[in-house]
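Let me begin by presenting the structure, written as structure tokens, before commenting on it.
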Protein chains: 2
Amino acid sequence: MELGQLNEFKATPEINEQLMAFGTAKSFKEGDVIVNENAYTNAIPIVTNGSIRVMRSDEDGREILLYYINKGESCIMSFLGGMHQDTSKVKAVAEEATEILFIPIEKVLYLIKEYPQWLEYIFRLYHKRFEELLEVINAVAFKKMDERILNFIQKKCEMAQSKTISITHETLSLELGTARVVVSRLLKQMEDEGLVKLGRNKITLIQTTIVK
Amino acid sequence: MELGQLNEFKATPEINEQLMAFGTAKSFKEGDVIVNENAYTNAIPIVTNGSIRVMRSDEDGREILLYYINKGESCIMSFLGGMHQDTSKVKAVAEEATEILFIPIEKVLYLIKEYPQWLEYIFRLYHKRFEELLEVINAVAFKKMDERILNFIQKKCEMAQSKTISITHETLSLELGTARVVVSRLLKQMEDEGLVKLGRNKITLIQTTIVK
DNA sequence: GATTCTATGTAACCAAAGTTACACAAAGAA
DNA sequence: TTCTTTGTGTAACTTTGGTTACATAGAATC
């Protein structure tokens, strides 16, 4: 288990050491639901390995992807949700096999007091999440479906460091909060335009630059 | 100038006193743009009087309302944006005559260290903003325009403590990120259904319960 | 009161995306 | 192999909301 990536947020080895001492580690399999309604009242979770997909779910069961929590990052929402005891309406699912370190809130507050860098780390995360939520709002409010699909694929490709991703139209539609037929229709259209190449359970990016 | 409402967030009179001492007050008229791109690099703004409207603006000039910052609250976004020096793409405009107290970041960090309640206050605000952004995402992603319009009117009525609000269809459409005609059309429809009563520059809520 | 803004009402049309329904093809299981 | 499940392609249709264009009505100014 490594916390190296925390260094990106200027956490010192000393802090990491304390986190490891204070925290309780827990493992999740791909697809495991980590937060559904309001869990983890007294701890802040840090992803030490793997990644988590965070979604907003509507009353009628529809969902939309908000952001991913990657290695070295924390799930701010469930922290805040827990802290103020209301139903968070955010759902977090393990994207892959994932290790999470749960730090009790008192310890977090102690760390904040002792190490300003730790507070800095938290603020940076907040900032990142805010920006990501704003991106989602922007996409949903102003972008058309084809552009959103393309963006999603590009993001996935970046994450996977590859031009090809394995995903079904069904899954894609769920993440974007639309219907499978819509995705299939637009993807086919994009294939005709030479933007992507389609296969069963497979999408290959051909042109990275978005043609407007 | 009063900071009473801060008490809602458990800030003690002692903290308030210090804030007043540390901060620089500034006044804004209705419609004044407070943040456009990335301003206020070294201060956290607290609304001591009036209220601010925060919007996300698209590249093509379209906008959508995110939330209001009321008396006693702080503009978290511009704080974070300033802290990490990137263009925040959030626009803040004074809804009415507004007084803002700018607290230098060092002082904020000092207060956090000295008074845990202050950190609690900030976390509460973050939480609130997150929830509000999630509400926007939910609305834009899953709700139909008529429902969004009704929600907007209800929120406004609550704020104004009245069943009638003064707003033009034009303004309403801009806040919701749609076109005026669409708003007029749907409002008329809602009037026919007996949900609202329309006048020039005036909308009156008739039925508070949403009929589905 | 006449003129000029500003706000609203409405119609006709179009594009995007949601819906339903079904065919077919690839992959896996029996 | 055959059967079944899973994933994709496509057509036809509907709904929602964006667009354009214009009429009219209330307010404000002259």
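The analysis underlying the following values was restricted to heavy atoms, covering all of them including side chains, and did not include hydrogens, waters or symmetry mates.
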Look at the side chain of A:Arg200 and the base of D:dT6, then say whether one donor and one acceptor between them are separated by less than 3.5 Å.
->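 Present.
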Taking atom types as they are modelled, is there a donor-acceptor pair under 3.5 Å from the base of D:dG18 to the side chain of B:Arg180?
->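 Flag unset: no donor-acceptor pair detected.
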Rounded interatomic separation in angstrom, taking [atom1] from [X] and [atom2] from [N]:
X        : N      : atom1 : atom2 : answer
B:Arg185 : D:dA21 : CZ    : C1'   : 14 Å
B:Leu172 : C:dT6  : CG    : P     : 19 Å
A:Lys202 : D:dT6  : NZ    : C1'   : 17 Å
A:Leu187 : D:dG9  : CG    : P     : 8 Å
B:Leu198 : D:dT24 : CG    : C1'   : 16 Å
B:Lys188 : D:dG17 : NZ    : C1'   : 20 Å
B:Glu170 : C:dG9  : CD    : C1'   : 15 Å
A:Asp146 : C:dG18 : CG    : P     : 12 Å

Minimum side-chain heavy-atom gap [X]-[Y] below 4.5 Å:
X        : Y        : answer
B:Phe152 : B:Ile203 : no
A:Met145 : A:Arg148 : yes
B:Val136 : B:Tyr67  : no

Closest nucleotide among C:dT19, D:dT19, D:dG9 to the A:Val182 side chain =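 In terms of side-chain proximity for A:Val182, the closest of C:dT19, D:dT19, D:dG9 is C:dT19.
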Go through C:dA16, D:dG9, D:dT16 for me and flag the one nearest to the B:Lys144 side chain.
->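 Side chain of B:Lys144 sits closest to D:dT16.
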Phosphate oxygens OP1/OP2 of C:dT8: is one of them under 4.0 Å from a side-chain N or O of B:His169?
->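 Yes, such a contact exists.
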Quick one: label A:Gly199 by what it contacts on the DNA or RNA (base, sugar-phosphate, nothing), any heavy atom closer than 4.0 Å.
->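 Sugar-phosphate, backbone atoms only, no base.
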In terms of side-chain geometry, is the basic nitrogen of B:Lys156 or B:Glu95 positioned less than 4.0 Å from the acidic oxygen of its partner?
->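 Between B:Glu95 and B:Lys156 there is a salt bridge, with a charged N closer than 4.0 Å to a carboxylate O.
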Could you tell me whether the side chain of B:Glu191 and the main chain of B:Leu198 form a donor-acceptor pair under 3.5 Å?
->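 Yes: the side chain of B:Glu191 pairs with the backbone of B:Leu198.
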